[in-house]
Each structure stands twice: as structure tokens, then as C-alpha cells.
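Shown next, in C-alpha cells, is the structure this report addresses.
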Amino acid sequence: MIKGLSIATVWVLDHDRAKDFYTRRLGLETRTDLVMGSTGVRWLTVGARGRPDLELTLMVPGPPALDPESAEALKQLIAKGVLGAGVFATDDIAADHRALTARGVTFLQEPRERPYGTEAIFRDDSGNWFSLTERRDHLDPDRHWDLRPTTDA
């Protein structure tokens with residue numbers, strides 16, 4: 001039986017830059033960094049400290065996973081900034097927003113109240129965007145929520 005998701009892929013444009021961003025700026029730890037056999041494919045994973053159950057594999061589009069045409073198309077989408085890669089959870093969005101901003105993380109949206117919690121949106125060094133969210137305990141379906149996107153950055 002499936003027990004859960006253990007590895008999720010984040011497509012990046014450069015392994016070394018991505019490793020620096022995810023470890024030095026976001027504070028994740030490197031789990032694996034190796035070149036696999038004769039294929040020369042780099043297997044680079046990172047994860048949140050104390051959370052061994054989920055890793056992000058930072059993958060540069062290319063063979064053997066993608067043909068050259070598909071890899072180039074994906075690289076263009078990444079660089080354009082249209083791919084949302086997921087949600088990072090936090091218990092203190094105000095403090096984490098300040099700390100990440102001080103480390104050079106670019107936020108597209110400052111912390112803002114949403115039905116599910118307080119959310120800020122940031123980009124990684126490749127162009128992927130992520131939500132940083134402090135979840136609320138319950139939803140308030142009777143409250144009017146302004147869900148229009150913001151253009152803070």
C-alpha cells in the first residue's frame with residue numbers, strides 16, 4: 001500500500017545555483033548529491049531539517065527523463081516564472097518572511113490573509129514560485145475573502 005509521497009521534483013535551471021538557494025537561502029539541508037553511473041545524471045535532493053519523510057529532488061530538464069525539445073520547452077517555462085512548485089509550511093510566517101527576505105529571497109506577495117491561513121509568495125533562483133503558508137486551524141466560510149492576486153513585487 002502507498003504510505004505517502006517521499007520525493008517531489010522541482011525543475012531548476014542549474015544544480016549548483018539551486019543547491020545554494022535551497023540550502024543557504026531557504027535553510028533546507030542537502031540529503032543527496034551524487035552523479036549516477038555512466039549516465040552522468042546528477043541526483044540532488046534537499047529537505048527540511050527534522051522532516052526525513054519528504055525530499056525535493058532538484059532536477060535540470062534533460063535526458064534521460066526528457067528529450068531535448070521537451071527539456072528546452074520546460075526550461076523556457078521555468079525561466080518565465082509560470083510554474084508553481086508547492087507550499088512550504090511555517091509556524092511563524094512573519095519571522096520567516098523577515099529572515100528569508102534578509103537572506104535575499106524575492107517575494108512576489110507579502111504575507112496576506114487567505115481562507116487557509118496567512119500566505120506569502122516567493123520565487124526560487126530558477127523562476128519557480130512557492131507559497132509560504134502559516135495555516136489556520138479552521139476555515140471561516142462566512143467571511144468575505146479577497147482572493148485577487150496581488151502584485152507586491
Side-chain angles (χ1 to χ4, degrees), residues 1-66 70-139 149-150 152-153:
M1 289 302 274
I2 294 174
K3 297 193 286 185
L5 184 66
S6 63
I7 299 175
T9 299
V10 176
W11 295 103
V12 298
L13 299 177
D14 180 272
H15 279 122
D16 293 327
R17 281 194 353 243
K19 181 179 179 179
D20 182 70
F21 179 86
Y22 283 85
T23 58
R24 292 189 55 225
R25 294 192 186 192
L26 294 186
L28 303 180
E29 64 183 4
T30 302
R31 300 276 175 82
T32 308
D33 189 355
L34 60 90
V35 175
M36 295 191 297
S38 62
T39 63
V41 172
R42 187 169 176 186
W43 183 251
L44 173 59
T45 67
V46 297
R49 298 175 196 285
R51 294 294 310 267
D53 54 321
L54 180 62
E55 295 179 78
L56 299 177
T57 180
L58 306 176
M59 299 286 293
V60 174
L66 299 171
S70 298
E72 186 55 37
L74 184 52
K75 287 176 184 177
Q76 288 179 18
L77 290 172
I78 296 165
K80 189 174 181 179
V82 299
L83 299 180
V87 178
F88 284 101
T90 177
D91 291 329
D92 188 343
I93 195 165
D96 285 345
H97 177 262
R98 282 191 304 275
L100 293 172
T101 299
R103 290 187 211 141
V105 175
T106 300
F107 279 86
L108 305 176
Q109 175 191 290
E110 300 297 310
R112 185 171 180 193
E113 291 297 314
R114 299 291 193 188
Y116 41 83
T118 306
E119 174 186 61
I121 306 292
F122 68 89
R123 281 206 197 285
D124 71 5
D125 67 302
S126 292
N128 298 300
W129 61 268
F130 289 88
S131 167
L132 175 67
T133 300
E134 182 178 343
R135 292 185 63 153
R136 73 176 74 259
D137 292 332
H138 64 283
L139 295 177
T150 62
D152 294 346

Heavy-atom donor-acceptor pair, Thr32 side chain to Thr45 backbone, under 3.5 Å: no
Straight-line distance of Tyr22 OH to Thr30 OG1, nearest 0.5 Å: 12.5 Å
Separation between CZ of Arg135 and CG of Asp91, rounded to the nearest 0.5 Å: 12.0 Å
Interatomic distance, Glu119 atom CD to His97 atom NE2 [nearest 0.5 angstrom]: 12.0 Å
Nearest non-hydrogen partners of Pro111 and Ala120, listed with the distance: N-CB, 3.8 Å
Shortest non-hydrogen separation from Ile7 to Leu54 and the atoms involved: N-CD1, 4.1 Å
Within 6.0 angstrom of Asp53 CG, more than 12 heavy atoms from elsewhere: yes
Any donor-acceptor pair under 3.5 Å from Arg25 side chain to Gly104 backbone: yes
Note, Arg42 side chain near Asp33 side chain (heavy atom, < 4.5 Å): yes
Side chain Thr90, main chain Asp92, donor-acceptor under 3.5 Å: yes
More than 12 heavy atoms of other groups within 6.0 Å of Arg24 CZ: no
Criterion side chain to side chain contact (heavy atoms under 4.5 Å, CB included) on Val60 and Asp14, from CA distance to verdict: CA-CA 6 Å; Val60 174; Asp14 180 272; 5.6 Å; no
Phe130 and Phe88 aromatic ring geometry - parallel, tilted or perpendicular at 30°/60° bounds: tilted
Side-chain touch Val105/Phe107, heavy atoms, less than 4.5 angstrom: yes
Main-chain N/O of Glu134 paired to Thr118 side chain as donor or acceptor, under 3.5 Å: no
Contact summary for Arg136 and Arg114, nearest pair of heavy atoms: NH2-O, 2.6 Å
Carboxylate-amine/guanidinium proximity below 4.0 Å for Arg112 and Glu110: no
Arg123 atom CZ, neighbour heavy-atom count above 12 within 6.0 Å: yes
Side-chain heavy atoms of Thr133 within contact of Ile93, under 4.5 Å: no
Nearest heavy-atom neighbours spanning Ser126 and Leu13: OG-N, 2.9 Å
Pairwise distance CG(Leu132) to CZ(Phe122) - rounded to 0.5 angstrom: 6.0 Å
Pairwise distance CZ(Arg31) to OG1(Thr23) - rounded to 0.5 angstrom: 12.5 Å
Note, Leu66 side chain near Trp11 side chain (heavy atom, < 4.5 Å): yes
Pairwise distance CG(Asp96) to CZ(Arg103) - rounded to 0.5 angstrom: 8.0 Å
Arg51 CZ: over 12 foreign heavy atoms closer than 6.0 Å: no
Working for side chain to side chain contact (heavy atoms under 4.5 Å, CB included), residues Val10 and Val46: CA-CA 10 Å; Val10 176; Val46 297; over 6 Å; no
Distance-minimising heavy-atom pair for Pro61 and Val12: CD-O, 3.2 Å
Pairwise side-chain contact, Leu26 with Leu100, heavy-atom cut-off 4.5 Å (strictly under): yes
